[in-house]
Amino acid sequence: MSAIDMTTNIESTMNINVMYFASLADEANCQQETVSVQQDTSLTELYEQLSQKHRFSRPQSELRVAVNDYFAKWTDQINDGDSVVFITPVAGG
Amino acid sequence: MSAIDMTTNIESTMNINVMYFASLADEANCQQETVSVQQDTSLTELYEQLSQKHRFSRPQSELRVAVNDYFAKWTDQINDGDSVVFITPVAGG
Amino acid sequence: MTDNVHDHSMSIKRSADEAYLIAERDGFALLDIAIDEYRLKSTLDNDSCGAFVCFEGRVRNHNNAASVDRLTYYGYEDLAINQGRAIIEEAKKRFEITHAIAIHRIGALEIGDVAVWVGVVSAHRYPSFDACRWILDTIKADIPVWKQEYYEDDSSKWLSNNG
Amino acid sequence: MTDNVHDHSMSIKRSADEAYLIAERDGFALLDIAIDEYRLKSTLDNDSCGAFVCFEGRVRNHNNAASVDRLTYYGYEDLAINQGRAIIEEAKKRFEITHAIAIHRIGALEIGDVAVWVGVVSAHRYPSFDACRWILDTIKADIPVWKQEYYEDDSSKWLSNNG
């Protein structure tokens, strides 16, 4: 069972708001979505699941991740209600 | 006889226009003067003579020299009608 | 690919005045209209500062061999502001500077438009040069802004600062 | 010491318009009124340039421990223009830049006034930073401009950039 699917046990899941930018927004074909994942899902697992769903072309190794509008480590825990953004290589300046 | 004095033999002298800036203008108490010196007077000799006349406090070693509005070497020759400026340490910027 | 998946990153949520206030207070903001350098510069006036250095990054008419028509910058505003604040704080620790401000523009830009502006003031000159360069490099490395170039044949591509 | 021994070095022989034209053509001039940065900057606009770096040297309210009231810059205009032209030419050889312009102001300046302005444009960012700094350092080392600081007690002294 994919962790993205809604489960019947509400206690064991958390809702994560995922925003997409740049090529990930193109590939996901949306700006944001709220996904329900199992408690203790890691950021790495979250990206893997969403990558399968949207067929993202970039491996996680090329990305950074932000949680609640701050850069985070891939090993940081996420919690119900958190906002997560996967950051493709930036191109400012 | 000082080379700055007018000599009777007009063939053997040259007129040099000397402009003064910054502390040298204070010490010379003028902006410029035309001095008549012997042919083949070097820039070093010219500064030495003017330094005696005006009691300049800076030794030649602290100065640069410009001839006809370009920096010159102390060993460069000067000619009748040349304009010479002794350049104290600059302080722009 | 539809345009609207990028709408949220082509404009800022705040007003331009709010963005300038944030830039003045925290040192960094995104803006979605032309950058007013004189407004930014005036916030850096300081009688104790003998040096002001600024950098403007402008849209070039070429990139590598290709002829660029226009480009669009996209930004993740809230992360950009948080990360920008951290960059300016770090710059003030690393360099003997009095103040620094930077703004990055997002949205559709034309050739010659200023995409990023960085200004630094300090008592002496070298810290302003060093800090301005470091802030710019760090913005390019860390601020979540993306860029798509459009070429004469109407093709476009996503660019990246690190290869 | 009378003021008039410095009259010839407190103002330029040319008009301000001529000075700007010389700066635009040769890259350097002296000016005896407030520097119009926007005028200088506009002469550097170039669609092939992604980078613009500028430096402004402003009169500080202090130097070392002393409180500075105002200062006066004196210049040897014709040598300054010739030497400035050589500096800008050399900068264009040393760095991958498209153009550079610098102006040094002379005469009586107040705290906060811009004494020197250097602007550089290039395709990429580092050459503009490097060239701007090098031009400024070389102006400070080689351009015949002198400066007298006036302190609160009305005393003054001649300053030097190298000790």
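Convention: sequence-line order gives letters A, B, ...; per-chain numbering from 1. No experiment lies behind these values; they were computed from the predicted model shown.
Looking at A:A66, the atoms closer than 4.5 Å to chain C (heavy atoms on both sides) all sit in the side chain, from C-beta outward. At a 4.5 Å heavy-atom cutoff, the contact between C:H8 and chain A is made by backbone and side-chain atoms alike. Looking at C:Y73, only its side chain comes within 4.5 Å of chain A, counting heavy atoms on both sides. Contact of C:V145 with chain A is made through backbone and side chain together, with heavy-atom distances under 4.5 Å. Contacts between C:D142 and chain A at a heavy-atom distance below 4.5 Å involve backbone atoms as well as side-chain atoms. Looking at C:A86, there are no atoms closer than 4.5 Å to chain A (heavy atoms on both sides), in backbone or side chain.
Although no hydrogens or angles enter the test, the distance criterion places a donor-acceptor pair under 3.5 Å between the side chain of C:N161 and the main chain of A:G92. Side chain of C:N82 to main chain of A:D69: a donor-acceptor pair is present (N/O by atom type, distance under 3.5 Å, no hydrogens or angles).
The salt bridge (charged side-chain N to carboxylate O under 4.0 Å, His left out) test applied to C:D130 returns D:R133, not counting sequence neighbours.
Summarising the local packing, CD of A:Q77 is surrounded by 12 or fewer heavy atoms from other residues, nucleotides or ligands at distances under 6.0 Å. Residue A:E62 places its CD atom among more than 12 non-hydrogen atoms of other residues, nucleotides or ligands, all under 6.0 Å distant.
Summarising the geometry, atom CD1 belonging to A:I87 is positioned 9.5 Å from atom CD belonging to C:Q83; distances are rounded to the nearest 0.5 Å.
Here the side chains of C:W158 and A:D26 are in contact, with some heavy-atom distance below 4.5 Å.
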